[in-house]
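Remember, it's 1-based here, ligands and their atoms both numbered in the order they're listed. On a predicted model such as this, the values are computed, not experimentally measured, just so you know. Counting begins at 1 with the first residue of the sequence.
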Amino acid sequence: MTTLTVAQATVRFLEAQYTSRDGVEQPFFAGCWGIFGHGNVAGVGQALLEREQSGDPSHLRFFHGRNEQAMVHAAVAYARQRDRLAAMAVTASVGPGATNMVTGAALATINRLPVLLLPGDTFATRVASPVLQELENTQQGDLSVNDVFRPVSVHFDRVDRPEQLASALLHATRILTDPAETGAVTLALPQDVQAEAYDFPDELFAKRVWHVARPVPEPSALARAVAAIRSARRPLVVAGGGVTYSQANDALRTFVEATGIPVGESQAGKGALPYDHPQSVGAIGSTGTTAANALAEDADVVIGVGTRFSDFTTASRTVFQGDGVTFVNLNVSAFDTHKHSAVSLVADAREGLTALTAALEGWTADPAHTARATELAREWDAIVQRAYDGEGAPQVADGLAIQSQVIGAVNELSDPRDVVVCAAGSMPGDLHKLWRTRDRKGYHVEYGFSCMGYEIAGGLGVKMAALDTDDARDVFVMVGDGSYLMMNTELVTAVAEGVKVIVVLVQNHGYASIGALSQSLGSQRFGTAYRYRTDTGLDGDKLPVDLAANAASLGADVLSASGIEDFRAAVLKAKESTRTTVIHVETDPLVPAPDSPAWWDVPVAEVSALDSTREARRAYDEHKTRQRPFLTPASETKDRS
Ligand SMILES: Cc1ncc(C[n+]2csc(CCOP(=O)(O)OP(=O)(O)O)c2C)c(N)n1
Ligand SMILES: [Mg+2]
């Protein structure tokens with residue numbers, strides 16, 4: 001027995017957890033982020049301090065963030081970069097400190113990425129209720145603000161007694177390390193319970209290795225998948241994040257080279273194949289390439305590997321128009337394998353692809369189909385080069401750069417293994433289409449939640465993961481002015497920790513993304529520009545906001561670039577520097593990147609006094625007719641031979 005507080009026991013337990021996959025073992029909890037308040041300072045805070053001062057080199061590291069939501073972003077990005085084999089915890093105080101983490105929790109769960117959230121909770125004993133920041137609910141006495149974590153966590157528990165801690169921690173870690181179940185796990189820790197002492201059994205703190213499973217496909221399911229693929233004439237793989245987390249990139253390459261099947265990529269799956277692989281057709285869906293979307297249009301069998309098939313990936317279920325198209329979904333999560341009435345193949349991506357390769361030996365797609373894919377990809381790549389070079393774009397005012405030139409410059413001047421990080425705005429779609437991914441971990445766009453404010457904190461988490469694994473990569477954070485204004489706080493943390501990130505801050509005085517969307521939906525860019533109010537609305541001059549000065553005030557080095565040549569020089573300078581550097585560049589928000597004709601379902605007002613809206617509604621109704629329900633059972637699929 002060891003007598004410890006609940007918080008001390010929690011920290012000791014976290015230090016002893018390991019994951020193992022493919023014979024490689026690593027500590028699972030790489031650290032604990034925290035902001036202290038009365039709800040955790042004397043509990044988890046004291047426990048972290050005690051371990052830091054113990055001199056034990058394996059103590060749980062503490063990272064002091066500036067905003068709870070941002071700390072969760074950093075932790076989630078860290079876990080993603082580590083392929084979910086390592087993760088972080090985040091401790092917050094009660095009340096607002098805790099609820100600030102809710103957005104991050106949803107982001108983690110939607111992206112299937114592990115993070116352990118430890119919000120403080122109000123006193124279990126309730127002797128002095130209501131305490132500071134306590135919610136008083138007249139109907140339910142056992143409710144606290146932390147109950148809002150329930151729907152956004154894959155697992156929620158509240159430790160009201162020390163006796164509950166062991167089972168709570170074991171369940172939490174099992175779920176975090178399970179690729180099919182992982183997401184945000186929330187353990188709410190009442191502030192009095194955190195400080196309460198208890199005789200914990202020593203075994204609780206023994207080293208524990210969680211073997212991260214690689215489930216193999218069930219033979220009959222494999223046979224059904226193989227039969228469906230063999231019937232295909234124009235098959236297409238849709239690669240999702242699961243390919244990367246499973247480290248199945250080589251297995252995917254082997255599978256598609258043996259079968260001749262082309263590969264389109266979701267946002268999380270981008271980098272599944274290098275961009276210049278002859279069978280890589282790049283981004284698919286609403287922000288897809290002309291190549292991937294043309295192949296999707298008449299694909300007869302779509303093989304989803306580790307993808308959730310979000311609306312962006314399927315262009316809101318309009319990108320696959322093949323008559324009787326059949327889906328074969330390989331995923332570690334049964335939930336995803338059944339989407340679009342697919343032939344379900346529940347397995348680890350690497351194991352599943354390896355089994356499919358063996359079972360399909362000797363079979364290939366029509367060589368003309370493979371050749372067409374290569375040709376289409378080449379055509380798209382030429383479009384990308386022109387966009388990088390700013391060719392064909394209208395003359396922009398004041399010598400401003402164009403966003404596609406900014407992307408091109410970062411792509412061309414970064415090392416192949418550098419990581420680009422982004423989350424919201426017009427940049428994610430442009431990156432999806434235009435970024436030439438050269439490394440399987442070189443592209444990190446959070447597009448499950450597409451959360452403004454993820455970018456800088458996420459970039460910090462990615463860089464910390466690289467440093468922890470002696471992986472020399474620069475991290476380029478691409479952030480719009482809107483996202484930057486929403487959350488730039490972790491620049492301070494990057495400076496404090498001496499962790500270098502390069503932030504490309506794209507100033508276009510508002511929302512290029514939602515502005516363009518608004519216009520396409522007949523809403524005339526209403527409320528999407530940052531302007532002074534006039535008598536007619538928010539349509540005055542640009543605001544005198546100096547984001548470069550803001551970044552400098554937070555301790556970052558700042559390079560202000562005017563025009564694309566200046567920007568390229570700044571990128572080279574930032575590459576050479578060892579310090580966190582923000583490159584401020586102004587771009588024209590009205591110059592879009594090239595795209596394919598894909599759609600995204602955003603409903604338009606059915607009745608309106610505005611001509612622009614009525615016109616947009618007509619276009620909307622037309623697009624709706626192409627939306628497919630995919631309800632035909634896979635067993636009803638026609639024989640295509
Ligand atoms: C937290 C959050 N709020 C709102 C949105 C909706 N949204 C998506 S993009 C965007 C504007 C982003 O502006 P900026 O960062 O300047 O990028 P730009 O569109 O100019 O490229 C908004 C408001 C979001 N994704 N996340
Ligand atoms: Mg903007």
K.L.:
Among all protein heavy atoms, pick out the one at the shortest distance from atom 13 (O) of ligand 1; state its residue, atom name and that distance to 0.1 Å.
P.N.:
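Of the protein heavy atoms, Tyr511 CD2, 3.3 Å lies nearest.
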
K.L.:
Flag Cys451 as yes when one of its N or O atoms lies below 3.5 Å from any N or O atom of ligand 1, and as no otherwise.
P.N.:
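In this structure, Cys451 places no N or O atom under 3.5 Å from an N or O of ligand 1.
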
K.L.:
If hydrogens are left out, which of Gly453, Pro428, Gly425 has an atom nearest to atom 17 (O) of ligand 1, that is, the closest non-hydrogen atom?
P.N.:
Gly425

K.L.:
As an exercise, identify every atom of ligand 1 less than 4.0 angstrom from a heavy atom of Ser426.
P.N.:
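Matching atoms, with element in brackets: 18 (P), 19 (O), 21 (O).
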
K.L.:
Let me know which of Lys575, Arg473, Arg438 forms a salt bridge (Lys or Arg N to Asp or Glu O under 4.0 Å) with Asp415.
P.N.:
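When salt bridge (Lys or Arg N to Asp or Glu O under 4.0 Å) is applied between Asp415 and each of Lys575, Arg473, Arg438, only Lys575 qualifies.
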
K.L.:
Would you call Gly515 a ligand 1 contact, heavy-atom distance under 4.0 Å?
P.N.:
no

K.L.:
Quick test: of every protein heavy atom, which one is nearest to atom 8 (C) of ligand 1, and how far off is it to 0.1 Å?
P.N.:
Ile514 CD1, 3.7 Å

K.L.:
Would you name the N/O/S atom of Asp481 that lies closest to the Mg ion (ligand 2)?
P.N.:
OD1

K.L.:
Has Asn508 got an N, O or S atom lying less than 2.8 Å from the Mg ion (ligand 2)?
P.N.:
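So Asn508 counts as coordinating the Mg ion (ligand 2), yes.
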
K.L.:
With a 4.5 Å heavy-atom cut-off, do Phe149 and Thr109 have their side chains touching?
P.N.:
no

K.L.:
Which heavy atom of the protein is the closest neighbour of atom 25 (N) of ligand 1, given with residue, atom name and distance?
P.N.:
Ser450 O, 2.8 Å

K.L.:
Do Arg618 and Asp621 meet the salt-bridge criterion of a basic N to acidic O distance under 4.0 Å?
P.N.:
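No.
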
K.L.:
At under 4.0 Å between heavy atoms, is it the side chain or the backbone of Asn508 that contacts ligand 1, or both, or neither?
P.N.:
side chain

K.L.:
Would you call the rings of Trp599 and His623 parallel, tilted or perpendicular, taking 30° and 60° as the class edges?
P.N.:
parallel

K.L.:
Please step through side-chain contact (heavy atoms from CB on, under 4.5 Å) for the pair Met101 and Gln69, ending with a clear verdict.
P.N.:
CA-CA 5 Å; Met101 297 199 293; Gln69 181 186 328; over 6 Å; no

K.L.:
Distance to 0.1 Å, residue and atom name: give those for the protein heavy atom nearest to atom 15 (O) of ligand 1.
P.N.:
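The closest one turns out to be Ser483 N, 2.9 Å.
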
K.L.:
For Tyr443, is the NZ or CZ atom of Lys270 found under 6.0 angstrom from the centre of its six-membered ring and inside 45 degrees of the ring axis?
P.N.:
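The answer is yes, since Lys270 meets both limits relative to Tyr443.
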
K.L.:
Are more than 12 heavy atoms from other residues, nucleotides or ligands located less than 6.0 Å from atom CD of Glu615?
P.N.:
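Counting neighbours around CD of Glu615, 12 or fewer heavy atoms of other residues, nucleotides or ligands fall under 6.0 Å, so no.
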
K.L.:
With the threshold set at 4.0 Å, does a side-chain nitrogen-carboxylate oxygen contact exist between Lys441 and Asp83?
P.N.:
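The answer is yes: the pair qualifies as a salt bridge.
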
K.L.:
Salt-bridged, Arg112 to Asp336, with N to O below 4.0 Å?
P.N.:
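Counted as a salt bridge, because a side-chain N and a carboxylate O are separated by less than 4.0 Å.
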
K.L.:
Which residue supplies the protein heavy atom nearest to atom 1 (C) of ligand 1, what is that atom called, and how far is it?
P.N.:
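The closest heavy atom on the protein side is Met486 SD, 3.6 Å.
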
K.L.:
One pair to check against side-chain contact (heavy atoms from CB on, under 4.5 Å): Leu485 and Leu547. What are the steps and the verdict?
P.N.:
CA-CA 8 Å; Leu485 281 169; Leu547 297 181; 3.7 Å; yes

K.L.:
Students should be able to answer this: which protein heavy-atom is nearest to atom 3 (N) of ligand 1, and at what distance?
P.N.:
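The closest one turns out to be Met452 SD, 3.7 Å.
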
K.L.:
Please assess Arg436 against Asp276 for the test salt bridge (Lys or Arg N to Asp or Glu O under 4.0 Å), listing each intermediate value before the final yes or no.
P.N.:
CA-CA 8 Å; Arg436 289 171 169 162; Asp276 54 355; over 6 Å; no

K.L.:
Show me which atoms of ligand 1 lie under 4.0 Å from any heavy atom of Gly482.
P.N.:
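Contacts of ligand 1 toward Gly482, numbered from 1: 13 (O), 14 (P), 15 (O), 16 (O).
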
K.L.:
Got an N, O or S from Gly510 under 2.8 Å of the Mg ion (ligand 2)?
P.N.:
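Given the 2.8 Å cut-off, Gly510 counts as a ligand of the Mg ion (ligand 2).
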
K.L.:
Suppose we measure from atom 18 (P) of ligand 1 to each protein heavy atom; which comes out shortest, and what is that distance?
P.N.:
Ala512 N, 3.5 Å

K.L.:
What protein heavy atom lies closest to atom 19 (O) of ligand 1? Include the residue and the distance to one decimal.
P.N.:
Ser513 OG, 2.6 Å

